[in-house]
Amino acid sequence: GKMDFRVEPVALASLVEQTIAENQPFADKYNVRLSNVGTVAGAWVRGDPDRLSQVLTNLISNAIKFSPRGSTVEVAVKRGPADYCIAVSDQGPGIPEELRDRIFEKFFQSDSPDTRKKGGTGLGLSIARTIARRHGGDVGFESKIGVGTTFRFTLPAQGTIARPPTERATEGVADRGPG
C-alpha cells in the first residue's frame, strides 16, 4: 500500500530506450524482439523515473509473455493534447472480452492453463495502473482476439525541451526545467 516517489523531470525517450534495453534479455528467452517504433524528441514528464520504468517494464514483460515466438513487441511514445502516451503493442492472442473488466484487479490471472504457464503474481497491471494514476496519468488497453493487444500508459505532458534541464536543488526538492 505504500509507495515512495522521487519526483523529477524525466525524458521519455531515454526512459523508453533504457527500459527496452533492460528488458531485451527477458525477451530473448521468449525469442521476441523489442522495438522502439517512435518517440517525441524532447518530451518530458515529471515523475519518479524508477516507478515509471516499473510501469513500462510491467507492460513490456506482459507483452513478451503473451507474444508468439519470433514476433516483435513495439513501444512508441506519442503526444496527445495534454499528455504523452506510451503504447506497448504485442501480436499475442488478445484478451477475451469476458476478462477485460477484471484485467487490472489485484491477483487477477486468467484461469487458462496457458496463462498459468506464463507465471507472475497477477499484480503487475494493478501496480502499473496505481503508479500511473499517482503520476496523474492512467493505463488502459485495446485488444483484438487473434491480432494482439496494445496497452497505453498516459502521463501529463510537461512540455518539450531542446536539451535536458539543469539541476537546481531548492529546499531538498528537485526543480529541474520548466513546468
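When a residue number appears, it is its place in the shown sequence, counting from 1.
Between the OG1 atom of Thr72 and the CD1 atom of Ile64 there is a distance of 11.0 Å, given to the nearest 0.5 Å. Taking CG of Leu12 as the reference point, atom CD of Glu17 lies at 11.0 Å (rounded to 0.5 Å). In this structure, CZ on Arg134 lies 12.0 Å from CG on Leu52, to the nearest 0.5 angstrom. Atom CD1 of Ile86 is separated from atom CG of Leu59 by 8.5 Å, given to the nearest 0.5 angstrom. Considering CD of Gln54 and CD1 of Ile127, their distance stands at 6.0 Å, rounded to 0.5 Å. Here Arg129 contributes atom CZ and Glu105 contributes atom CD; the two are 10.5 Å apart, rounded to the nearest 0.5 Å.
Here the closest heavy-atom approach between residue Val139 and residue Ala132 is recorded as CG2-CB, 3.7 Å. Of all heavy-atom pairs spanning His135 and Arg51, the tightest one is CE1-CB, 4.1 Å. Closest of all the heavy-atom pairs between Phe66 and Pro93 is O-CD, 3.2 Å. Closest of all the heavy-atom pairs between Val37 and Ala76 is CG2-CB, 3.6 Å.
Both Phe5 and Val55 belong to a common hydrophobic cluster when Ile, Leu, Val, Met, Phe, Trp and Tyr are linked at side-chain heavy-atom distances under 4.5 angstrom. Under a hydrophobic clustering in which Ile, Leu, Val, Met, Phe, Trp and Tyr are joined whenever their side-chain heavy atoms come within less than 4.5 Å, directly or via other members, Val7 and Val45 fall into the same cluster.
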If you look only at distance, which donor and acceptor atoms sit under 3.5 Å apart when one is on a side chain in residues 19-27 and the other is two or more places apart or in another chain?
unit_1: Thr19; atom_1: OG1; unit_2: Leu15; atom_2: O; d: 2.7
unit_1: Thr19; atom_1: OG1; unit_2: Ser53; atom_2: OG; d: 3.2
unit_1: Glu22; atom_1: OE2; unit_2: Gln18; atom_2: NE2; d: 2.9
unit_1: Asn23; atom_1: ND2; unit_2: Thr19; atom_2: O; d: 2.7
unit_1: Asn23; atom_1: ND2; unit_2: Thr57; atom_2: OG1; d: 3.3
unit_1: Gln24; atom_1: OE1; unit_2: Leu34; atom_2: N; d: 3.1
unit_1: Gln24; atom_1: NE2; unit_2: Asp28; atom_2: OD1; d: 2.7
unit_1: Gln24; atom_1: NE2; unit_2: Val32; atom_2: O; d: 3.3

Residues 150-157, side-chain donor-acceptor partners within the protein, below 3.5 Å, at least two apart:
unit_1: Thr150; atom_1: OG1; unit_2: Ser89; atom_2: OG; d: 2.7
unit_1: Thr154; atom_1: OG1; unit_2: Asp138; atom_2: N; d: 3.2
unit_1: Thr154; atom_1: OG1; unit_2: Asp138; atom_2: O; d: 3.4

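A search for side-chain contact (heavy atoms from CB on, under 4.5 Å) contacts involving Ser14 returns Ala11, not counting sequence neighbours. Residues that satisfy the side-chain contact (heavy atoms from CB on, under 4.5 Å) test with Val147, not counting sequence neighbours, are Lys144. With sequence neighbours excluded, the residues that form a side-chain contact (heavy atoms from CB on, under 4.5 Å) with Asp90 are Ala63, Ser67, Val73, Thr149. Scored by the salt bridge (charged side-chain N to carboxylate O under 4.0 Å, His left out) test, Glu97 finds Arg100 as partners (sequence neighbours excluded).
Looking only at side-chain heavy atoms (C-beta outward), Val16 and Leu56 come within less than 4.5 Å of each other.
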